[in-house]
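Notes to accompany the following structure.
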Number of protein chains: 2
Amino acid sequence: MAKKINGTQRRTEALSRDQIVEAAIDLLDESGEAGLTFQTLSKRLATGPGAIYWHVANKSDLLTAACDAIVARTANAALAGSTPKAKVRELALGVFDAIDAHPWVGSALTRSPGQMAMVRILERIGQQVRALGVRDDAQWSVTSALLSYILGVGGQNAANAQLAHEQGLDRSNFLGEISAMWSKLDPDEYPFARGIAKQFPAHDDRTDFLTGIDLILGGIDLM
Amino acid sequence: MAKKINGTQRRTEALSRDQIVEAAIDLLDESGEAGLTFQTLSKRLATGPGAIYWHVANKSDLLTAACDAIVARTANAALAGSTPKAKVRELALGVFDAIDAHPWVGSALTRSPGQMAMVRILERIGQQVRALGVRDDAQWSVTSALLSYILGVGGQNAANAQLAHEQGLDRSNFLGEISAMWSKLDPDEYPFARGIAKQFPAHDDRTDFLTGIDLILGGIDLM
DNA sequence: ACCTGAACACCGTTCAAGT
DNA sequence: ACCTGAACACCGTTCAAGT
């Protein structure tokens, strides 16, 4: 009769894989990868760990499914752009923003090669690369370059967000710390890092990300 | 008197942080990230876990140090290229090959933002970006784009190598499995992935990697 | 078919005690 | 200053037993 009001109550409805994945996403969003545990998860779902294993093969399977659920939402969104290039920018920004909202996706994406999440992104980018008129035998390497770049930025942003979260820093303090560290480097060995330290805290991740996309898109024109 | 001949012997010389890092690298190379444990490490060093903690803050510190040791070797190598672009290619390939030889570096690099390993690469690429004549206010975003791309490819290759290792597959079997998976996708939803599946197993990671570098370098010319 | 929950093997980390 | 090794808290996973 009782549903799941207080902490020690058992659930009465049946579990489902989707429910488990949703709960996992909530946990990951709240407290990062460290927050997802079979203990925390079964507590939130008001069951035991064994029940979860009935629906899910293991933790890696669960993480992959959670990642795919997030990516599917943005990869399936309609594209408003009028040109293939505009659509590539749109797709890329979609992934960027998804990782910004769910930093754990950044690392989970990399860790599941060949999984659906990556194929979804690959497919949509590949279609635009085709539409750009890239030669058949270059479509793979061009698409792969775009994908690698997107995953690279995503992975770094995810790591930054996680580190800042662990250290209890907000973004500007985090950037400030790195900038301070770079300012102290040996001027003879690290002229570039030192020179850039001052402007570093003011940079915009999203703008820089798009600059990189545009560099690659520009390079395609020269092929 | 005895040194470290049989398994239960204790070491007689003092431990050092460098020794620990070297042993960690060996373990990581032999059996991936799962192979590095304070248990396996202290066994190999013929001590207890407490001794390691005297020289190393925690596992993350150890992984970062191991990663930096590898990256320092390639980042400090002299550059033979005659043009800034050739030097960028050389630097990028150096990182690519280092990750190929030590796949765990691919993920460790991402996980330690602002650490020395990344700064070393950033610095050397940044110097070449300067030499290319990129405007001051664009040097950061261009360098960052190159770095993100390199880390993105590295991270994926690392993940592929690890997955293949876990499943006991060699590279060609691994690629074959992905290709087979893509061939079975819905032709209406995944035309690109399906179309590319056949040529996928024959692709060359290193060549594709360089293609991406050249796309970005080409884009710089158009800025 | 689905869930329970105790048990297992293993992990990173700590720390009083030694030298 | 450096090392020992038992102990702690916690983790993913299993599985006999229940419904």
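Naming: A, B, ... by sequence-line order, numbering from 1 per chain.
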Establish, with yes or no, whether the OP1 or OP2 oxygen of C:dC11 is under 4.0 angstrom from a side-chain nitrogen or oxygen of B:Thr37. yes
Just wondering, do B:Arg124 and A:Phe192 contact through their side chains at under 4.5 Å, heavy atoms? no
Below 30° counts as parallel, above 60° as perpendicular, anything between as tilted: where do the rings of B:His102 and B:Trp104 land? perpendicular
Output yes when B:Arg73 and B:Asp68 qualify as a salt bridge under the 4.0 Å nitrogen-oxygen rule, no when they do not. no
Side-chain heavy atoms of B:Gln19 within contact of B:Leu15, under 4.5 Å: yes
Could you tell me the separation between the CZ atom of A:Arg17 and the P atom of C:dC3, rounded to a whole number of Å? 14 Å
Are the ring centres of A:Trp182 and A:Tyr190 closer than 6.0 Å? no
Verify the neighbour count for atom CD of A:Gln39: are there more than 12 heavy atoms of other residues, nucleotides or ligands below 6.0 Å? no
Nearest-0.5 Å distance that lies between atom CG in A:Asn160 and atom CZ in A:Phe174: 4.0 Å
How close or far is atom P of D:dA9 from atom CZ of B:Phe38, stated in whole angstroms? 19 Å
So does B:Gln39 get a side-chain nitrogen or oxygen closer than 4.0 Å to the phosphate oxygens (OP1/OP2) of C:dC11? yes
Atom-to-atom span, CD1 of A:Ile20 to C1' of C:dC3 - whole angstrom: 11 Å
Are the aromatic ring centres of B:Phe96 and B:Phe209 under 6.0 angstrom apart? yes
Under a 3.5 Å cut-off on both pairing distances, which runs of 3 or more consecutive Watson-Crick or G-U pairs involve DNA chain C? C:4-8 with D:12-16, C:12-16 with D:4-8
B:Ser148 versus A:Gln156, side-chain donor and acceptor atoms under 3.5 Å: yes
For the side chain of B:Leu15, starting at C-beta, report the closest nucleotide among C:dG12, D:dC3, C:dT14. D:dC3
Under 4.0 Å between any heavy atoms, over every strand shown, what does A:Leu36 touch: base, sugar-phosphate, or nothing? Just pick one. sugar-phosphate
Closest to the 5' end of DNA chain D, once A:Gly50 and A:Ala34 are matched to their nearest nucleotides, is A:Ala34
Strand-adjacent residues in residues 52-61 of chain A, judged by heavy atoms under 4.0 Å from DNA chain C: A:Trp54, A:His55
Rounding to an integer number of Å, can you tell me how far A:Glu33 CD sits from D:dG12 C1'? 15 Å
Out of C:dT13, C:dG5, C:dC3, whichever nucleotide has its closest atom nearest the side chain of A:Pro49: C:dG5
